[in-house]
**Student:** 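Before we start, here is the structure in question, set down as structure tokens.
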Amino acid sequence: MNQQPWRSLDEFADTPEFREWLHREFPPFASEWPNDVNRRHFLKLMGASFALAGLGLSGCTRQPLEKIVPYVKQPEELVPGNALYFATALTLGGYARGVLVESHEGRPTKIEGNPEHPASLGASDVFMQAEILNLYDPDRSKSVLHGNEVTTWDDLLAVVAAERAKWTANAGTGLRLLTGYVTSPTLLDQIAALLKQFPAATWHAHEPLAPLHATTFYDLAKADVIVSIGNDFLGPGPAQLKYTRDFASRRRATNEAANFNRLYVAESTPTNTGARADHRFALAPQALRDFGLAIAKGNAHPKSSATVLDDLRKHAGKSLILVGDSLPDELHQFARAWNQPLQIAQTTVSNVKSFAELIRDIEGGKVETLIILDGNPAYDAPTDFEFAKKLAGVPLRIRLGLHEDETSALCQWHIPAAHPLETWSDARAFDGTATIMQPLIEPLYDGKSVHELLAALTGNVLTSGYEIVRRFWQVQHPDDDFEKFWRRSLHDGVVAETANPFQVLPAVSPNAKPEVEKPANGAVELLFLADPHIQDGRFANNAWLQELPKPFTKLTWDNAALISPATARRLNLANEDVVELKFRGRSVRAPIWILPGQADDCVTVHLGYGRTKAGNVGNNLGFNAYALRTAAAPWGGSGLEIVKTGEHHPLATTQQHQSMEGRDLIRVSTLAEFAKSPEVIAHLGEAPPTASESLYPTVKYSGHAWGMAIDLGACVGCNVCSIACQAENNIPVVGKEEVARGREMHWIRVDNYFHGSPETPRIHFQPVPCMHCENAPCELVCPVAATVHSSEGLNQMIYNRCVGTRYCSNNCPYKVRRFNFLEYDRNKFENAPVLKLLRNPDVTVRTRGVMEKCTYCVQRINRTRIDAENQNRSIRDGEIVPACAQACPGQAIVFGDINDPQSRVSRLKASPLNYDLLAELNTRPRTTYLAKLQNPNPELKEP
Amino acid sequence: MNAPLYGLLAEFETPEKLLAAAQQAHALGYRKMDAYSPFPVEGLTEAIGFEKTRVPLVVLLGGITGGVTAYGMQYYSAVRDYPLNVGGRPLHSWPAFVPITFELTVLFAALAAVFGMLLMNGLPKLYHPVFNVPEFKLASQSRFFLCLKSSDEQFRLAETRQFLETLGALAVREVGR
Amino acid sequence: MAQLFQRRANGIANAVIIGGVLLFAGLCGDIFTFGRSDYWTRVDEPQAQTVPFSHQHHVAGLGIDCRYCHTSVEKSAFAGMPPTETCMTCHSQVWKDAPVLQPVRDSLQNGTPLRWTRVHDLPDYVYFNHSIHVNKGIGCASCHGRVDQMPLTEKVQPLYMRWCLDCHRAPEHHLRPTSEVFNMGYETPTNQIALGHALINQQHVAVEGLSDCYTCHR
Amino acid sequence: MNTPEHPVVAPGYDSESVTKKIADVVLIRPVTRGWLAGLAVAFALLMMMNFAIGWLLMRGVGVWGVNIPVAWGFAIVNFVWWIGIGHAGTFISAILLLLHQDWRTSINRFAEAMTLFAVACAGMFPLLHLGRPWVFYWLLPYPDTMGLWPQWRSPLVWDVFAVSTYLIVSLTFWYIGLLPDLAAMRDRALRKPVQLIYGIMALGWRGSARHWKRFEMAYLLMAGLATPLVLSVHSVVSLDFAVAIVPGWHSTIFPPYFVAGAIFSGFAMVLTLVIPVRKAYGLQDFITLRHLENCAKIMLATGLMVAHGYITELFMSWYSDDQFDIYMTLNRMFGPYWPAWWLLMFCNILVPQTLWFQKVRTSPLILFVVALLVNVGMWTERYVIVVTSLHRDYMPSAWGMFHGTRWDWMTLIGSFGLFLSLLFLFLRLLPAISISEMRKLVREKAEANK
């Protein structure tokens with residue numbers, strides 16, 4: 001396999017220092033440390049096992065003697081073998097989402113949402129889940145670089161000291177600080193201090209996806225009618241989790257008083273929000289703007305918008321208009337005014353200087369020293385800025401970053417940044433709530449935090465992140481109970497009473513106002529969107545996110561030019577055809593992907609791909625859409641030219657077929673219908689055969705009987721269940737080629753179906769884990785009893801008994817089983833030694849040749865059961881939460897004991913919405929679904 | 001040939017001659033004799049007074065053993081030793097136990113047939129006195145032989161030889177031990 | 001030379017056949033027994049250690065309780081290996097310059113952990129949890145044997161799945177009152193079976209699920 | 001019919017000449033260039049397979065095209081195909097024996113040998129197919145240290161027993177059939193070592209009347225046992241599919257139609273091999289047009305049964321009104337794998353219809369071509385059953401495609417190498433026609449003519 005890229009790391013990992021450090025940090029783990037001897041032994045075992053038939057033993061030699069390594073000094077709170085949880089926060093585009101991090105003997109292994117935190121509410125988004133992989137990313141930069149020379153932090157401090165002398169002389173003329181979006185109170189304080197010290201210095205901020213206007217946040221739970229105009233509020237964003245929770249809370253028909261909201265979405269390309277719409281209008285950007293303006297101006301054109309407007313007016317004060325970033329300011333102003341009653345927070349443009357201004361200064365030769373804190377402008381700046389070229393004109397360039405990326409390559413000095421889970425810091429949520437971030441682990445590659453760097457720049461005596469952050473908060477809380485406040489804040493993961501709806505957070509000012517476009521008839525329009533999983537490119541080197549199938553296209557490892565079926569027909573294009581996209585004198589080559597529900601004559605490209613210095617995972621994937629993106633047209637525009645090249649670029653999708661073929665896999669009805677007769681759901685498909693139809697008696701389960709209910713009405717298809725499961729269960733990444741062969745390993749997949757016409761399809765999501773069928777077809781055909789039922793009705797899969805006939809997978813009608821066709825555990829994504837630290841010690845790492853599948857997170861079930869048994873009490877309802885359910889922001893997944901009629905899951909399964917997938921097969925699945933209800937406007941016929 | 005005598009071996013040209021010879025020898029009271037032919041000859045065994053074979057019985061026993069073993073093994077392991085809930089099926093899913101029971105029945109019966117046959121035929125027997133006669137190699141190809149053993153109380157070297165010659169043997173040879 | 005084989009060929013032929021059969025049977029038997037032999041399973045094989053720690057001396061001799069060193073045995077899956085500190089609590093006073101304890105002192109000085117050779121080492125796909133066993137009344141000695149009589153620790157059980165199952169299917173044979181769990185010298189009473197059944201109820205042992213695969217494998 | 005029937009053996013032979021003609025092929029005839037070349041090619045293919053297998057064991061089944069949903073691929077297709085071919089031998093030697101078909105005599109030895117080699121090839125694939133082949137023995141019941149047993153409800157375990165039983169029974173059946181001939185070889189061999197080898201293998205057979213009696217009885221009983229066995233083996237194999245709930249697999253008609261298909265392909269393979277062999281070794285007098293014609297007739301009959309199977313399947317999926325089943329059928333005909341389905345219809349239904357004509361049945365060349373096409377058709381049938389059923393079953397979201405990789409093909413083609421190598425050696429080392437039975441036959445014919 002592809003060993004080359006890792007060579008250096010392997011060497012690093014085999015150095016005595018590293019091992020020694022490893023033993024010191026993770027004693028019980030050390031014995032499991034893989035070394036070549038083991039690997040050779042594995043191979044020997046393979047050959048010799050032939051000779052050794054007849055023994056229930058593995059290996060041709062006796063079990064090798066292993067070492068066990070205790071601590072020298074054992075930490076106070078630590079009980080070896082039991083996990084600890086710490087509250088901290090992670091940021092996305094500057095905004096904090098509170099998290100709880102699970103730590104085993106000092107290794108962070110899993111991230112969960114912090115229920116106390118307003119932006120998380122206990123749930124998580126895909127980026128939170130994937131962040132743990134970023135922490136251990138073997139490609140992270142490991143040392144301070146001067147040019148290509150490895151040097152030290154002290155050398156840099158020396159340089160900084162020399163510079164400071166100059167700045168004190170010239171008040172910091174020529175000193176420029178470039179950051180991303182900052183909400184960290186401590187950092188803001190430090191920056192303020194720096195600017196105070198050196199008045200002539202300036203601070204610029206750059207976020208490639210920064211909105212061009214103030215951002216406001218609303219209380220969705222209170223909204224009866226929501227109109228989204230190109231705003232994917234259920235998609236990635238600072239308030240995604242809260243929005244999803246609130247939206248779902250108005251979509252449950254299980255509780256008596258079902259007060260549904262109604263969602264209208266007008267958008268150019270399908271988004272999670274559009275998929276949940278009761279009425280969805282697929283409109284190209286120009287048409288979308290007209291649609292919005294029609295509503296804003298109140299003139300009833302086109303027809304549909306009139307109806308929408310009526311509905312809005314009917315619910316004035318209890319309705320929302322959410323407008324997308326790509327739409328003009330006047331529309332935003334109208335919306336803000338309309339939404340005022342439901343506003344809960346707002347961030348407005350502050351006095352931060354823009355990136356455009358920085359460019360101008362550089363051109364004017366005004367910049368002596370440029371300090372770039374994180375971000376990656378060399379890659380994601382508007383292409384017409386030619387930042388990369390101009391940067392060379394800056395005499396001294398210092399960069400702090402997690403990776404030696406495109407930007408670092410252009411700076412003399414690169415400082416390895418410490419990962420959020422390695423540092424002390426703080427950050428604010430969308431509503432201003434502050435969280436003090438605490439480190440879970442010593443910096444793996446002695447990285448430095450922004451605070452430490454700024455301390456150096458300001459000549460602060462306090463140099464450790466801890467002191468800096470603590471001092472800042474001490475200043476905020478001079479009273480003597482600070483110690484209590486500090487500990488409580490750390491414990492809770494939120495700083496009490498920091499939320500403030502009317503607080504003004506510093507936002508990023510726009511690079512330039514886009515010129516107002518006049519519709520160019522017939523011309524194809526171009527639309528830029530952040531990639532749903534790697535965003536502006538910052539997650540490009542995260543294999544979990546790369547392999548996570550993107551909503552709708554289900555593509556992995558690539559971006560594509562999305563076009564509608566009609567447009568494809570008109571231009572005679574097929575999937576995977578490579579075209580040249582020519583936009584205002586610039587061009588890129590991109591593969592085509594035909595997407596039902598995409599607006600006609602509109603090409604959507606996702607930003608974030610085509611990176612060249614992301615790392616071994618993210619390099620040279622997809623195409624770089626930034627190459628078309630200018631400051632004047634940050635969200636695209638009309639006048640796109642599409643030239644067929646005749647080339648072909650294979651894309652790896654995990655769902656090749658997105659029609660339900662008229663099968664009752666997802667049952668959908670309307671609230672009205674359901675209110676009239678709840679049986680409507682049952683009539684939508686086959687009912688399971690009665691027990692009397694079976695030749696065999698049904699097995700009785702005394703004691704617990706675990707089951708799961710998935711509420712399709714609450715699922716927004718955010719994919720977090722898939723990645724949470726991957727993080728919890730040591731699921732390997734297999735890479736594009738294997739995915740293309742149909743060998744992806746996700747235990748829970750989110751199926752995505754288009755229903756109705758390809759132009760205006762209804763879009764449905766369905767998370768599919770193992771059904772844990774009571775009459776499991778898979779078990780029946782296993783020749784070695786590697787998959788059998790537990791006394792609690794779990795469909796057990798025993799890896800170490802599996803011989804790999806794959807018969808079970810063939811006989812699984814839901815196709816939820818996954819097979820280790822190759823030694824994925826040692827492929828180029830998994831074999832980096834440092835990644836072994838990421839493994840969940842409670843879950844077996846599967847070798848090649850064995851089947852695996854969803855276990856309902858049996859490790860969590862067992863842990864809870866043992867805890868309960870040790871305390872001689874019974875397991876409480878809701879005490880066991882599988883990773884998928886815990887992460888789900890819509891709380892669509894509910895797990896529990898179906899033998900207990902009072903449990904939440906039992907009550908859900910009792911609902912008339914509940915149905916079995918493929919019921920007619922009489923598999924008696926333990927996982928069942930609640931049908932999805934729409935709430936369409938009777939006055940508006942389809943869509 | 002002065003080695004102690006095993007018997008006299010008469011060579012015949014056709015199976016009919018051999019059959020006739022065998023019958024007459026038997027009529028004369030010869031019992032310890034054997035006939036050899038390149039292919040089975042109707043009635044020859046009866047002619048030399050060979051009671052019916054017990055091969056079928058052995059096969060029956062083999063079959064029964066196989067069937068019982070197979071079903072017993074499946075019942076014991078699936079119901080008694082480690083009862084497992086497999087896809088909600090009963091522990092004693094007898095229909096599923098049938099195929100293997102059948103296969104092992106056939107297997108054991110077949111092996112019983114083969115080894116029973118070999119055993120009763122006293123094979124392998126690489127060395128046998130009759131091979132002492134060089135011409136006996138024709139017995140596996142085209143010629144038919146009748147061997148009267150010296151151990152038979154009717155056996156008198158001279159008379160027996162003379163008797164065999166009268167039966168139209170191409171040749172009568174002495175078989176050493 | 002009509003005779004192709006000598007007379008003794010028959011004997012040889014039979015000998016070869018019978019011999020072959022016996023050989024095969026013997027081989028199967030050997031493999032079967034070898035796989036269960038003490039040699040293969042390392043039962044009764046004292047493991048050399050960097051520091052020749054004697055449970056006999058510390059447990060029987062000094063009467064130190066198991067939990068003094070194996071602190072997490074009641075709270076965690078992992079019984080807990082004593083950190084160097086624990087050793088030094090005493091050995092900073094007694095035997096403070098005994099040469100055998102040099103590695104221990106070094107460990108504390110340089111902060112390099114001691115490295116013991118594992119005696120009881122289950123495969124990575126087996127998830128054994130000490131706390132539940134201890135809390136439900138399985139004595140240490142039931143699996144680890146009379147550690148208090150071992151100058152150097154050794155295995156007394158093969159730790160084969162079959163062996164685990166014996167107890168998981170019929171725990172009544174091995175259950176003790178929780179008070180007796182750490183008692184090395186505990187004698188199985190004559191009415192063990194009756195007592196065992198009583199303890200199953202008393203100490204809430206959920207026997208039903210004990211032979212589920214997921215009890216030990218995940 | 002008016003055309004004179006060809007004899008089962010050309011006139012003018014007696015025990016002596018029959019023995020000579022057959023035995024000399026092995027004992028006297030020198031090693032020819034053709035034989036050497038053939039063996040060389042076969043062996044080369046075999047080596048290619050070993051290479052492919054080595055790679056497979058090193059890297060894992062991922063080197064093949066298998067995936068989710070199509071978790072079974074070439075390995076199972078080849079297994080079923082080879083096992084099917086392995087049915088003709090026992091059918092000829094057992095069932096035709098019980099039916100007193102004297103024409104079986106001159107081809108049963110050859111067909112049985114073919115059966116053994118085919119089953120050997122077949123047996124290889126289920127093992128290679130495993131994700132962890134080195135623990136294959138977990139499918140056998142033995143007292144292990146884990147206290148675990150095979151899961152008897154799984155058809156794969158039935159397979160293990162069915163196939164191994166079939167292999168052992170065929171082998172012993174074939175061997176005791178060989179005993180008298182080995183004796184003949186022993187007695188005709190010219191050089192001492194050769195004599196010794198055949199002598200040992202013959203176990204000292206001397207054609208005593210008692211031996212013959214028991215021998216015939218045992219042989220008859222074996223035939224009686226082998227008859228239900230041969231029917232059971234492919235029935236069990238078909239249960240691998242019929243027991244599963246996959247649309248296109250879950251069908252009660254599978255056992256009979258698999259058995260018919262097996263015999264169909266078996267006889268096709270017999271013809272494919274016998275036609276060149278009888279020419280090469282000048283055995284036209286023993287393997288006469290009569291044999292070829294009868295084989296062809298059986299192919300026609302079984303072919304019609306198979307056709308009936310296909311048609312019934314189509315009818316049932318329409319009649320069942322089961323959406324999954326209907327989709328499966330349409331998908332086979334018009335889905336991505338449509339050429340395979342139409343090819344198998346052509347090879348297995350259309351082509352055999354030519355066998356209605358005696359002209360075809362009695363012209364070795366055409367027969368050879370027909371047989372080849374049927375072999376291809378039957379492989380395609382298994383491919384269609386395995387792949388097209390799996391690649392689109394219940395959940396459209398999980399649908400996928402399967403494409404064999406070069407390693408798949410190398411293993412398949414390599415298995416021909418194994419098969420042919422064994423066959424070439426057999427032709428060189430053992431009498432390809434049962435001499436003792438031929439003697440009996442010529443004698444009976446002689447008497448009949450008197």
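In the text below, chain A, chain B and the rest are named by the order of the sequence lines, each starting its count at 1. From a predicted model like this one, the values you see are computed outputs, not experimental measurements.
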**Student:** Say you draw a straight line from CZ of C/F78 to CD of A/E105; how long is it, rounded to the nearest 0.5 Å?
**Tutor:**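 Those atoms lie 8.0 Å apart.
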**Student:** Considering only heavy atoms, which portion of C/Y214 lies under 4.5 Å from any heavy atom of chain A: side chain, backbone, both, or neither?
**Tutor:**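 For C/Y214, the contact with chain A is made by backbone and side chain together.
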**Student:** Between C/N129 and A/I866 (side chain of the first, backbone of the second, donor and acceptor by atom type, cut-off under 3.5 Å), is there such a pair?
**Tutor:**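 Pair absent, no side-chain N/O of C/N129 close to backbone of A/I866.
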**Student:** Give the member of A/V858, A/I861, A/V79 that has the highest number of heavy-atom pairs under 4.5 Å with chain C.
**Tutor:**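 Among the listed options, the one with the most contacts to chain C is A/V858.
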**Student:** So does A/K67 get a backbone contact from the side chain of C/T117, meaning a donor-acceptor N/O pair under 3.5 Å?
**Tutor:**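 No, because the side chain of C/T117 does not come within donor-acceptor range (under 3.5 Å) of the backbone of A/K67.
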**Student:** What part of C/E45 gets within 4.5 angstrom of chain A, counting heavy atoms only: side chain, backbone, both, or neither?
**Tutor:**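 Interface part for C/E45: side chain.
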**Student:** Considering only heavy atoms, which portion of A/N730 lies under 4.5 Å from any heavy atom of chain C: side chain, backbone, both, or neither?
**Tutor:**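 Contact with chain C is absent: no heavy atom of A/N730 under 4.5 Å.
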**Student:** Would you compute the distance between atom CG of C/D124 and atom OG1 of A/T844 and round it to the nearest 0.5 angstrom?
**Tutor:**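 These two atoms lie 8.0 Å from each other.
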**Student:** C/S131 and A/N870: which non-hydrogen atoms are nearest, and at how many Å?
**Tutor:**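 Answer, listing the atom of C/S131 first, then A/N870: OG-ND2, 3.1 Å.
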**Student:** Compare every heavy atom of A/P70 with every heavy atom of C/P113, then report the nearest pair and how far apart it is.
**Tutor:**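 Taking every non-hydrogen atom into account, CB-O, 3.2 Å.
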**Student:** Do you know which of C/M81, C/K75, C/E85 has the most heavy-atom pairs with chain A at a distance under 4.5 angstrom?
**Tutor:**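 Between C/M81, C/K75, C/E85, the count favours C/E85.
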**Student:** Taking all non-hydrogen atoms of both residues, which atom of C/S76 and which atom of A/P80 are closest, and how far apart?
**Tutor:**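 Smallest interatomic distance, heavy atoms only, reads OG-O, 2.6 Å.
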**Student:** Checking C/Q47 against chain A: side chain, backbone, both or neither under 4.5 Å from a heavy atom?
**Tutor:**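 For C/Q47, side-chain heavy atoms alone lie under 4.5 Å from chain A.
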**Student:** Measure distances from C/T215 to the heavy atoms of chain A and classify the residue's part below 4.5 Å as side chain, backbone, both or neither.
**Tutor:**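 When you check distances to chain A, only backbone atoms of C/T215 fall under 4.5 Å.
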**Student:** Going through the checks in order, is the side chain to side chain contact (heavy atoms under 4.5 Å, CB included) test met by C/T84 and A/K73?
**Tutor:** CA-CA 7 Å; C/T84 315; A/K73 299 189 175 65; over 6 Å; no
**Student:** Tell me, for A/V788 versus chain C, whether the close heavy atoms (under 4.5 Å) come from the side chain, the backbone, both or neither.
**Tutor:**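 Only the side chain of A/V788 comes within 4.5 Å of chain C.
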**Student:** Counting only heavy atoms closer than 4.5 Å, note whether A/I798 contacts chain C via side chain, backbone, both or neither.
**Tutor:**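 Side chain only.
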**Student:** About how many Å separate CZ of C/R218 and CG of A/N840, when rounded to the nearest 0.5 Å?
**Tutor:**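 That separation rounds to 9.0 Å.
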**Student:** Show the numbers, then the answer: is there a side chain to side chain contact (heavy atoms under 4.5 Å, CB included) between C/K136 and A/N872?
**Tutor:** CA-CA 10 Å; C/K136 292 297 173 183; A/N872 280 325; 2.9 Å; yes
**Student:** Picking from C/D212, C/V104, C/N135, which has the most non-hydrogen pairs under 4.5 angstrom with chain A?
**Tutor:**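 Between C/D212, C/V104, C/N135, the count favours C/D212.
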**Student:** What are the two closest heavy atoms between C/A77 and A/N82, and how far apart are they?
**Tutor:**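 For C/A77 and A/N82, the tightest heavy-atom pair comes out as N-OD1, 4.2 Å.
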**Student:** Flag the pair C/P83 / A/V72 as yes when at least one side-chain heavy-atom distance between them is below 4.5 Å, and no otherwise.
**Tutor:**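 A side-chain contact is absent here, since even the closest heavy-atom pair is not under 4.5 Å.
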**Student:** Rounded to the nearest 0.5 Å, what's the gap from CG on C/D121 to CD on A/E66? Could you check?
**Tutor:**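 Result: 4.0 Å between the selected atoms.
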**Student:** Sort A/N862 into side chain, backbone, both or neither according to what part of it lies under 4.5 angstrom from a heavy atom of chain C.
**Tutor:**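 Side chain only.
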**Student:** Looking at every non-hydrogen atom in both residues, tell me the closest pair between A/P841 and C/Y127 and how far apart they are.
**Tutor:**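 Looking at all heavy atoms of both residues, the closest pair is O-CE2, 3.2 Å.
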**Student:** Name all residues meeting the salt bridge (charged side-chain N to carboxylate O under 4.0 Å, His left out) criterion together with A/D842; count only those two or more places apart in sequence or in a different chain, and write none if there are none.
**Tutor:**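 Partners of A/D842 by the salt bridge (charged side-chain N to carboxylate O under 4.0 Å, His left out) criterion come out as none, since no residue qualifies.
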**Student:** Name the option with the most non-hydrogen atom pairs under 4.5 Å to chain A; the candidates are C/H217, C/R42, C/H204, C/E208.
**Tutor:**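 Looking at each option in turn, the highest pair count goes to C/R42.
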**Student:** Which residue out of C/S72, C/G209, C/C213 racks up the most heavy-atom pairs below 4.5 Å with chain A?
**Tutor:**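 Most pairs with chain A among the choices: C/C213.
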